[in-house]
Amino acid sequence: MMRTGHHLAEKSYSMDNLSVYNSACMSYPYTLPPLAYAYNALDPHIDEQTMRLHHDKHHQAYIDNANKIVEKHPELQTRTLVEIMTDFDRLPADIRKVLRGPGGGHLNHSLFWDYLAPQSSGEPQGKLAQSIKKTFDGFVQFKEQFNRAAVSCSGSGWAWLWLTPRGGLEIGATANQDTPLSKGNLPILGLDVWEHAYYLKYHNRRPDYVMHWWQVVNWKKAEEQFEATTG
Ligand code: MN
């Protein structure tokens with residue numbers, strides 16, 4: 001597949017070695033990637049019932065809806081969802097309108113499960129740790145800035161640590177299921193702050209959910225991604 005996005009040539013990172021992006025679940029017909037851990041493995045930080053509903057029902061619904069849309073557009077079926085969402089702004093308006101939520105939802109959630117792990121190291125190591133400390137003046141400062149992005153994102157959305165097209169780390173947020181890839185930013189770590197991600201356990205207390213989430217961050221995955229993309 002020839003990439004035609006005008007901004008793609010300017011990117012300093014490579015996505016070739018990223019497992020999630022090359023996964024079969026990103027090829028049409030889209031499928032639900034299995035969790036790498038048990039539904040109750042993140043307890044007490046993220047409870048089993050939330051994980052079951054979030055993964056089996058919410059994520060599956062994004063997949064079902066994306067498949068229904070792409071079924072009607074054979075020209076999209078030969079591209080991976082990653083390619084489609086990366087070039088999202090160049091899609092015809094009628095497709096953008098319907099695919100934005102389901103397509104971004106499938107991509108974002110497929111990343112999200114991998115960003116979680118029962119045994120978190122608590123802090124990143126290696127090149128990612130160095131880059132975070134350099135960019136944000138320290139790991140504590142990084143966490144504070146990320147927390148602000150997660151808590152201040154109004155309504156449904158995501159907080160992210162991403163790599164900009166120029167190769168710098170940046171904290172940001174996206175609304176609803178918009179994916180950072182559509183603006184050329186490559187996710188390194190992302191947090192779902194939709195109510196369906198936390199409401200059963202934390203009710204309206206999103207900051208509590210965010211604080212607990214740090215206990216189950218899969219830094220190893222983030223490190224792998226960072227090193228795979230930046231070489
Ligand atoms: Mn979600």
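Read the numbers this way: they start at 1 and go in the same order the structure lists the ligands and their atoms.
Inclusion of H196 in the first shell of the Mn ion (ligand 1) is supported: an N, O or S atom falls under 2.8 Å. Using a cut-off of 2.8 Å, one finds that H58 contributes no N/O/S atom close to the Mn ion (ligand 1).
Of all the N, O or S atoms in D192, the one closest to the Mn ion (ligand 1) is OD2. Looking at H54 and the Mn ion (ligand 1) together, the shortest N, O or S contact belongs to NE2.
When side chains are defined from C-beta on, K143 does not count as touching F136, because their heavy atoms never get closer than 4.5 Å. In this structure, M15 and L186 have side chains that are in contact, with non-hydrogen atoms separated by less than 4.5 Å.
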Exercise for review: Evaluate the side-chain hydrogen bond (donor to acceptor under 3.5 Å, both in side chains) criterion for residues W214 and N147: first the C-alpha distance (whole Å), next the side-chain angles of each, then the deciding distance (0.1 Å), finally the verdict.
Suggested key: CA-CA 10 Å; W214 289 111; N147 287 341; 2.8 Å; yes
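One finds no salt bridge joining K201 and D47 here, because no Lys/Arg side-chain nitrogen approaches an Asp/Glu carboxylate oxygen to under 4.0 Å.
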